Amino acid sequence: MTRSPTDGPLGGIPRPVITHPRRTSVEVHGHLRRLILEGILPPGAELKQAELARAFDVSRTPLREAFRMLQEEGLIDADINHRGRVTGLDAVDLDCLYAARISLEAMGVRITAGRLARQEVQEASARLHDMDRSARSGDLVAWHEAHRTFHQLLVARCTSTVLRTVASYAERSERYVRAGQVRRPDGYVQRRQEHYDLFAAVAAGDAHRAVRLIALHLSHTAYEVIEDLAAGREARDVRAAADMICGPEPEIVPPQVWTTPPNSVHT
C-alpha cells in the first residue's frame with residue numbers, strides 16, 4: 001500500500017512512502033536517513049521505535065532493521081531500550097572517515113583510469129552538468145544525487161565488495177559535505193573545478209594524476225569541515241593518508257578545464 005508522505009506526521013515529521021510491504025524496512029531507513037541528512041531530524045534528536053511505528057503505520061520489526069542500518073552508517077546511536085539518538089558531527093570521526101576514503105578511492109581511480117566505457121564517460125559528463133544546474137538553482141538534493149553517481153563512476157572498475165565499502169563511506173560523509181556547503185557556500189566553485197579535473201584524468205587514463213587529484217579533493221573537504229567543527233584541530237589521519245598518496249608536501253597540480261567529454265575514450 002502506498003502512503004502519503006504528509007498524512008500523519010509525528011511532530012512535523014512526514015510519513016515515508018511504502019511502495020511494497022517487502023520494502024518497508026528499506027524505505028523507512030531511506031526516509032529517516034533523508035530526514036537526518038537534511039537536518040529535519042537534527043543532532044541530538046531522540047527517536048523511539050514505538051512512536052515512529054505508530055506515526056509511520058508500520059510494525060516494530062522494520063523500525064529495528066532501519067535503526068540497525070542507521071547505526072552502521074554512524075547516523076544514530078541506539079540502545080537496548082529501542083531508542084535512538086541522532087549523532088552529532090564529530091571532527092575525530094570525520095578525520096578517520098576521510099582518511100579511509102582517500103586511501104580506498106585513490107586505489108579505485110587508479111584501477112578505473114582509462115577503463116571507462118564510452119557510455120560511462122558520457123554519464124559522468126552528464127552528472128557534472130547536472131551538478132552545475134543544481135548548484136545554480138539551489139537544489140542541493142539533486143546536486144547530491146548527481147555528485148554521488150559521479151564519484152561512483154570514478155571507481156567503477158573496482159569489485160562489488162570494494163564498491164559497497166566506498167558507497168558506505170561516501171554515505172557517511174554526506175552530512176559533513178552538506179555542513180561544509182552551508183558554512184562555505186562559495187566553496188562550490190573550487191570543488192567544481194576539482195570535479196572536472198578528476199573526470200579529465202580518469203577518462204584520459206592518467207592514473208598518476210587521478211590518484212593525486214582524488215587525494216587532494218577529499219583532503220580539501222575534510223580540512224575545511226574539520227576547521228569548522230573544531231578550529232585549530234590538526235587533521236592527522238587525513239594528512240597521513242594524503243602524504244601516503246602524494247608525498248609529505250604534495251604539489252598542487254595546475255587546473256585543467258574540461259567542459260565536454262574527452263575525445264579519446266578507452267573501452
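As the structure is a computational prediction, the values presented were derived from the model and not from experiment.
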Is it true that a side-chain atom of [X] and a backbone atom of [Y] form a donor plus acceptor pair closer than 3.5 Å?
{"X": "H29", "Y": "S25", "result": "no"}
{"X": "T112", "Y": "A156", "result": "yes"}
{"X": "R85", "Y": "A45", "result": "no"}
{"X": "T149", "Y": "A146", "result": "no"}
{"X": "S168", "Y": "R164", "result": "no"}
{"X": "S137", "Y": "R133", "result": "yes"}

Rounded to the nearest 0.5 Å, what's the gap from [atom1] on [X] to [atom2] on [Y]? Could you check?
{"X": "I226", "Y": "L94", "atom1": "CD1", "atom2": "CG", "answer": "4.5 Å"}
{"X": "M131", "Y": "D139", "atom1": "CE", "atom2": "CG", "answer": "13.0 Å"}
{"X": "S134", "Y": "H129", "atom1": "OG", "atom2": "NE2", "answer": "12.5 Å"}
{"X": "Q193", "Y": "L213", "atom1": "CD", "atom2": "CG", "answer": "10.0 Å"}
{"X": "D228", "Y": "L89", "atom1": "CG", "atom2": "CG", "answer": "10.5 Å"}
{"X": "L97", "Y": "L218", "atom1": "CG", "atom2": "CG", "answer": "10.0 Å"}

Report task. Begin from the C-alpha positions of E46 and R83 and carry the test salt bridge (charged side-chain N to carboxylate O under 4.0 Å, His left out) through to its verdict. Result -> CA-CA 7 Å; E46 187 177 58; R83 295 183 181 184; 3.5 Å; yes
Establish, from distance only, whether the side-chain atoms of [X] and [Y] form a donor-acceptor pair under 3.5 Å.
{"X": "Q152", "Y": "H147", "answer": "no"}
{"X": "T19", "Y": "E27", "answer": "yes"}
{"X": "Y196", "Y": "D132", "answer": "yes"}

Count I, L, V, M, F, W, Y as connected when their side-chain heavy atoms are under 4.5 Å apart, and connections chain through other members. Are [X] and [Y] then in the same cluster?
{"X": "I214", "Y": "M244", "result": "yes"}
{"X": "L163", "Y": "F150", "result": "yes"}
{"X": "Y223", "Y": "L198", "result": "yes"}
{"X": "V26", "Y": "I76", "result": "no"}
{"X": "M69", "Y": "V86", "result": "no"}

**Report entry** Lys/Arg-Asp/Glu bridge criterion (N-O < 4.0 Å) met for E73, R33
**Finding:**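 So E73 pairs with R33 through a salt bridge.
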Mind listing the closest non-hydrogen atom pair of [X] and [Y] along with its distance?
{"X": "I245", "Y": "A215", "value": "CG2-CB, 3.8 Å"}
{"X": "L153", "Y": "L116", "value": "O-CD2, 3.4 Å"}
{"X": "V202", "Y": "A210", "value": "CG2-CB, 3.9 Å"}
{"X": "P43", "Y": "G88", "value": "CB-CA, 3.7 Å"}
{"X": "H208", "Y": "R110", "value": "CA-NH2, 4.3 Å"}
{"X": "P16", "Y": "V28", "value": "CG-CG2, 4.2 Å"}

Requested in this report: Could you walk me through whether F56 and H31 pass ring pair (Phe, Tyr, Trp, His ring centres under 6.0 Å), step by step?
Outcome: CA-CA 10 Å; F56 291 173; H31 180 67; 5.5 Å; yes
Requested in this report: Would you sort out whether I111 and V155 count as a side chain to side chain contact (heavy atoms under 4.5 Å, CB included), showing the intermediate values?
Outcome: CA-CA 7 Å; I111 292 171; V155 298; over 6 Å; no
Side chains of [X] and [Y]: closer than 4.5 Å at any heavy-atom pair?
{"X": "R209", "Y": "D197", "value": "yes"}
{"X": "E72", "Y": "E171", "value": "no"}
{"X": "T61", "Y": "E65", "value": "no"}
{"X": "L35", "Y": "P14", "value": "yes"}
{"X": "R60", "Y": "R64", "value": "yes"}
{"X": "V141", "Y": "E38", "value": "yes"}
{"X": "L70", "Y": "L32", "value": "yes"}
{"X": "E224", "Y": "R191", "value": "yes"}

Report task. Apply side chain to side chain contact (heavy atoms under 4.5 Å, CB included) to the pair D130 and W143, showing each step before the final yes or no. Result -> CA-CA 7 Å; D130 287 345; W143 187 92; over 6 Å; no
Report task. May I have all residue pairs that pass salt bridge (charged side-chain N to carboxylate O under 4.0 Å, His left out) and include part of residues 151-160, sequence neighbours excluded? Result ->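 Sorted pair list: E120-R157.
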Requested in this report: Please report the C-alpha distance between E123 and Q119 in whole Å, then the side-chain angles of each, then the deciding distance to 0.1 Å, and finally whether the side chain to side chain contact (heavy atoms under 4.5 Å, CB included) criterion is met.
Outcome: CA-CA 6 Å; E123 183 178 0; Q119 182 178 355; 5.6 Å; no
Query - Name of the residue among E105, R212, E194 meeting side chain to side chain donor-acceptor pair (under 3.5 Å) with H217 - result: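 Per the side chain to side chain donor-acceptor pair (under 3.5 Å) rule, the option paired with H217 is E194, out of E105, R212, E194.
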**Report entry** Selection residues 87-99 - residue pairs positive for side-chain hydrogen bond (donor to acceptor under 3.5 Å, both in side chains), sequence neighbours left out
**Finding:**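 Qualifying pairs, neighbours excluded: T87-R175, D93-R172, D93-Y176, D95-R233.
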Query raised in the report: Between R148 and E174, is a salt bridge (charged side-chain N to carboxylate O under 4.0 Å, His left out) present by the stated rule, with each step listed?
Result: CA-CA 9 Å; R148 192 179 307 119; E174 192 165 319; 2.9 Å; yes
**Report entry** Set of residues satisfying side-chain contact (heavy atoms from CB on, under 4.5 Å) with respect to A126, sequence neighbours excluded
**Finding:**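 None.
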